Amino acid sequence: MTKTSSVDTAKTTAVEKESRNATKAMLVEFWYYFSQNKGAVLGLALFVLLVSVAIFAPLVAPHHPDMQFRDALLSPPFWEAGGSLTYPLGTDAVGRDILSRLIFGARFSLFIGVVVVTIALVGGIVIGLVAGYVGGAVDTFIMRIMDIILSFPSLLLALVLVAILGPGLMNAMIAIAIVLQPHFVRLTRAAVMAEVNRDYVVAARVAGAGHFRLMFKTILPNCLAPLIVQATLSFSNAILDAAALGFLGMGAQPPTPEWGTMLAEAREFILSAWWVVTFPGVAILVTVLAINLVGDGLRDALDPKLKRS
Amino acid sequence: MSDIILKVRDLYRTYDIKGGLFKKPGKFTAVKGVSFDVERGSTLAIVGESGCGKSTLARMLTMIDAQSEGGIEIDGLPIDIAKTGISKDMRQKVQIIFQNPYGSLNPRQKIGHVLEEPLLLNTDMGAAERRELALEMLQKVGLQPEHYGRYPHMFSGGQRQRIAIARAIMLKPKLLVLDEPVSALDLSVQAQILNLLKDLQDEMGLTYIFISHDLSVVKYLADKVMVMYFGEVVEYGTRDEVFDAPQHAYTKTLFAATPRADADSIKKRLAAKAASAA
């Protein structure tokens with residue numbers, strides 16, 4: 001009796017080990033295709049660096065982001081005449097250290113990206129799944145609404161929404177999520193329509209799967225590849241749009257060290273103190289570039305059409 | 001022995017064709033008044049060209065689509081999903097195996113989960129019990145227990161078709177609809193799968209509805225043969241009746257169109273060729 005059970009457990013562990021190996025093989029294959037794209041690896045490295053800087057901001061930043069050093073207003077970066085290593089990238093008009101503000105601003109940018117993409121992704125997936133799966137009049141209705149949203153210039157629509165909801169970072173994020181959502185809906189719908197008549201879906205139906213199980217467990221995992229790519233690209237879009245709204249005074253409000261808001265505050269010093277505008281701009285540029293590179297790599301790794309095997 | 005498991009009477013399936021800007025809406029009848037009986041444990045082969053309604057018939061028998069008119073009765077249970085819906089009882093009576101083993105398995109689902117899904121949805125078994133049954137079934141269809149945790153893309157076409165067969169018989173159905181189950185496979189693998197199907201039929205007392213256009217396969221497996229042509233049954237009889245004395249013109253053309261590769265017919269053909277050349 002005990003002998004058979006030990007044989008059984010041995011078999012079970014063997015089966016489980018094999019199962020883990022299969023999962024690992026999928027991940028290894030994914031990493032192989034991802035790492036073929038050198039730019040993507042570079043982007044990922046930059047992104048990881050950014051995330052860790054954001055997480056450890058209080059440890060990394062030389063000063064508190066809101067601390068004003070009245071004796072060093074508009075001090076230039078350290079390599080310029082008159083600059084000092086106390087303020088490596090200089091200070092702004094009220095004497096705050098720009099490097100510290102940029103480091104803390106990374107938190108806001110990542111937070112914006114995550115929240116916006118989450119809202120847009122979840123909403124887009126649910127609406128797109130319903131549109132693609134149900135079809136017919138429901139599909140037409142949903143897609144025409146999405147077409148209407150898409151026909152507005154995205155920043156203008158976000159501005160209008162913020163004007164209705166009131167300025168502030170949270171409202172800006174909601175507005176941007178609504179603006180980005182139609183892309184996810186369209187993508188999900190197209191992917192669902194391609195999958196819904198495949199044999200494995202019919203087989204699951206014959207096995208007795210209900211509508212919800214078919215939509216979320218059978219079809220959705222097979223539609224994720226384009227969505228993941230779109231999500232990364234939207235992540236950078238969200239950061240850009242949030243910065244734009246901040247620049248227009250409709251996003252994060254001063255003294256929040258959000259990159260777009262920092263740009264807006266520094267507008268009048270563009271000619272006299274170049275560092276006040278340049279560094280937030282460079283921070284936005286590098287972040288968006290890194291995320292877009294990662295998105296390209298993900299596309300290579302996940303899109304079966306681009307695989308060479 | 002007249003233990004009828006599947007009774008089909010005057011079955012119709014019509015599709016509405018949507019009207020376009022310059023086109024009137026119309027109706028297309030894919031299956032026109034088909035009737036037949038299938039005995040328990042036997043194999044009925046349905047033969048016909050593309051678009052003759054074979055697959056539509058299969059979809060109705062497996063409750064994927066509803067019939068427009070007519071009656072289906074499986075193991076004494078009347079099936080009319082447009083009116084009554086599908087109960088768990090009905091699910092466990094009939095299952096289907098598809099032609100293309102590359103499309104019929106969910107690429108993101110491990111084999112174990114593929115096999116357990118029918119049990120999870122239709123029975124109250126616990127996880128351990130389901131797993132035990134799935135492992136058993138893997139061995140039954142000639143696969144290894146370690147295949148349990150792998151993904152479909154790690155298997156060959158023949159192995160995938162074995163998995164599809166395993167999934168279909170997990171619920172121990174009475175009736176199995178096979179929609180050209182071997183036409184996407186290599187010849188050698190075809191033979192293995194056909195033998196597996198035959199063994200399973202003997203072991204579990206399964207009844208097969210075997211849809212095919214490959215007459216050699218039909219000859220090997222079928223007890224009865226039904227020939228369909230444009231939605232109608234033009235020939236229905238035992239295998240020997242149909243193969244030896246085809247009645248309908250279409251059946252005769254069908255048999256004549258089958259290439260023959262036995263030594264006698266090749267010799268005859270060569271002789272005819274030599275005679276015409278001389």
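What you see is a predicted model, and the numbers here were worked out from it, not measured in a lab. Values below: every heavy atom of this structure, side chains too, minus hydrogens, waters and symmetry copies. In what follows, every chain begins at residue 1, and chains take the letters A, B, ... in the order their sequences are listed.
For B:Met154, the part lying near chain A is the side chain, with the backbone staying farther off; criterion is any non-hydrogen pair under 4.5 Å.
Listed by first then second residue, pairs satisfying salt bridge (charged side-chain N to carboxylate O under 4.0 Å, His left out) with a partner in residues 126-139 of chain A read A:Asp139-A:Arg189, not counting sequence neighbours. A side chain to side chain donor-acceptor pair (under 3.5 Å) check over residues 161-174 of chain B, counting only residues at least two apart or in different chains, returns the pairs B:Arg162-B:Gln192.
Among residues 192-223 of chain A, the residues having any heavy atom closer than 4.5 Å to a heavy atom of chain B are, in sequence order, A:Arg198, A:Asp199, A:Tyr200, A:Val202, A:Ala203, A:Ala204, A:Arg205, A:Val206, A:Ala207, A:Gly208, A:Ala209, A:Arg213, A:Lys217, A:Thr218, A:Pro221, A:Asn222. Contacts with chain A (heavy atom to heavy atom, under 4.5 Å) involve these residues of residues 104-129 of chain B, listed by number: B:Ser104, B:Leu105, B:Asn106, B:Pro107, B:Arg108, B:Lys110, B:Glu117, B:Pro118, B:Leu120, B:Leu121, B:Asn122.
A distance of 11.0 Å separates CG in A:Asn21 from CD in B:Glu146, rounded to the nearest 0.5 Å.
Atom CZ of A:Phe152 sits in a sparse spot, with 12 or fewer heavy atoms from other residues, nucleotides or ligands closer than 6.0 Å. The local environment of CZ in A:Phe111 is sparse, with at most 12 non-hydrogen atoms from other residues, nucleotides or ligands closer than 6.0 Å.
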